[in-house]
Amino acid sequence: MSKKRGLSLEEKREQMLQIFYESQDFFLLKELEKMGPKKGVISQSVKDVVQSLVDDDLVLKDKIGTSVYFWSLPSCAGNQLRNTYNKLESDLSNSRKRYMELVEHRDNLKRGREDSEEREAALEGLKAVELHHKKLKEELGAYADSDPAAVEAMRDAIDVAHSAANRWTDNIFTLQQWCSTTFPEAKEQLEHMYREVGITEDFEYLQ
């Protein structure tokens with residue numbers, strides 16, 4: 001003989017609700033665990049089933065003293081279903097309104113864009129202009145180095161670099177003068193160090 005099929009979660013929920021509806025009383029969890037098997041819900045799963053009903057507002061619970069009591073009336077399920085129904089009705093109404101707005105927006109966009117020879121000719125003309133524009137941009141890119149603005153920017157950069165180089169040359173001469181004044185006895189060592197770093201007798205400002 002095949003084993004009897006166990007109850008699904010939804011069937012267990014319905015059976016546990018029947019316990020509440022038939023008695024319309026308050027129960028401790030341990031009491032529900034004893035009553036559950038009479039409805040086909042094993043005691044080990046009663047806690048999870050009841051908690052799922054609490055999560056869905058089909059069963060209420062409250063702590064009185066140190067004990068937690070559970071209860072549910074048929075009106076609880078009715079109120080929960082009414083709330084769910086009202087929410088779905090509201091969502092459906094909003095979706096229908098949004099749909100109508102999108103349809104209206106689509107129709108507005110279509111006006112003046114109906115297929116016609118004139119429209120096709122205009123689109124072809126636009127495509128030709130876009131291709132020509134792309135080609136001109138590519139040609140301009142090839143002559144970017146000759147762009148007057150680019151040349152002027154390069155000249156400005158050269159002037160800045162020239163000034164910076166002469167400013168550092170002036171700093172080097174100032175440092176050499178300070179070293180000579182401060183360490184006159186180390187003249188030969190200083191000249192050797194200058195040559196090592198590239199500061200020779202022909203070191204001068206840029207013209």
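Excluded from the calculations below are hydrogen atoms, water molecules and symmetry mates; all remaining heavy atoms, backbone and side chain alike, are included. Remember, predicted model here, so these are calculated numbers, not experimental data.
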Phe27: partners by ring pair (Phe, Tyr, Trp, His ring centres under 6.0 Å), with sequence neighbours left out: Phe20

Sequence neighbours excluded, the answer for side-chain hydrogen bond (donor to acceptor under 3.5 Å, both in side chains) partners of Asp91 is Lys87

Checking Thr182 side chain against Trp178 main chain: does a donor-acceptor pair fall under 3.5 Å? yes

List the residues meeting side chain to side chain contact (heavy atoms under 4.5 Å, CB included) with Glu101, not counting sequence neighbours, and say none if there are none. Lys97, Arg98

If you look at every heavy atom in Glu185 and Gln189, which pair is closest and at what distance? O-OE1, 4.1 Å

If you look only at pairs with a residue in residues 40-55, which of them pass as a side-chain hydrogen bond (donor to acceptor under 3.5 Å, both in side chains), with sequence neighbours excluded? Arg13-Ser52, Gln51-Asp55

Would a hydrophobic clustering, with Ile, Leu, Val, Met, Phe, Trp and Tyr connected at side-chain separations under 4.5 Å, put Leu17 with Leu9? yes

Path from Ile19 to Ile42 over hydrophobic side-chain contacts below 4.5 Å: no

When rounded to the nearest 0.5 angstrom, what distance separates CE in Met16 from CG in Leu32? 4.5 Å

Can you tell me how far apart CG (Leu88) and OG (Ser93) are? Round to the nearest 0.5 Å. 12.5 Å

Give me the other members of the hydrophobic cluster that Tyr99 sits in, counting Ile, Leu, Val, Met, Phe, Trp and Tyr linked by side-chain heavy atoms under 4.5 Å, directly or via other members. Met100, Val103

For the student: nearest non-hydrogen atoms of Leu7 and Glu11, plus distance: CA-OE1, 3.3 Å

For Glu22, all residues meeting side chain to side chain contact (heavy atoms under 4.5 Å, CB included), sequence neighbours excluded: Gln18, Lys39

side-chain contact (heavy atoms from CB on, under 4.5 Å) test vs Val41 passes for just one of Glu14, Met35, Lys12, namely Lys12

Going hydrophobic residue to hydrophobic residue with side-chain gaps under 4.5 angstrom, can you get from Val46 over to Val68? yes

Tell me, which pairs form a salt bridge (Lys or Arg N to Asp or Glu O under 4.0 Å) where one or both residues lie in residues 23-34, sequence neighbours left out? none

Which heavy atom of Ser72 sits nearest to which heavy atom of Leu58, and what is that distance? OG-O, 2.6 Å

Side-chain heavy atoms under 4.5 Å apart, restricted to Ile/Leu/Val/Met/Phe/Trp/Tyr: what other residues fall into the cluster of Leu136, or is it alone? none

Smallest heavy-atom separation, Leu28 atom then Ser67 atom, equals CD2-CB, 3.6 Å

Supply the atom-to-atom distance Asp62 CG to Phe70 CZ, rounded to the nearest 0.5 angstrom. 10.5 Å

Ring pair (Phe, Tyr, Trp, His ring centres under 6.0 Å) with Phe26: which residues, sequence neighbours excluded? Trp71

Here the salt bridge (Lys or Arg N to Asp or Glu O under 4.0 Å) pairs for residues 124-134, sequence neighbours left out, are none

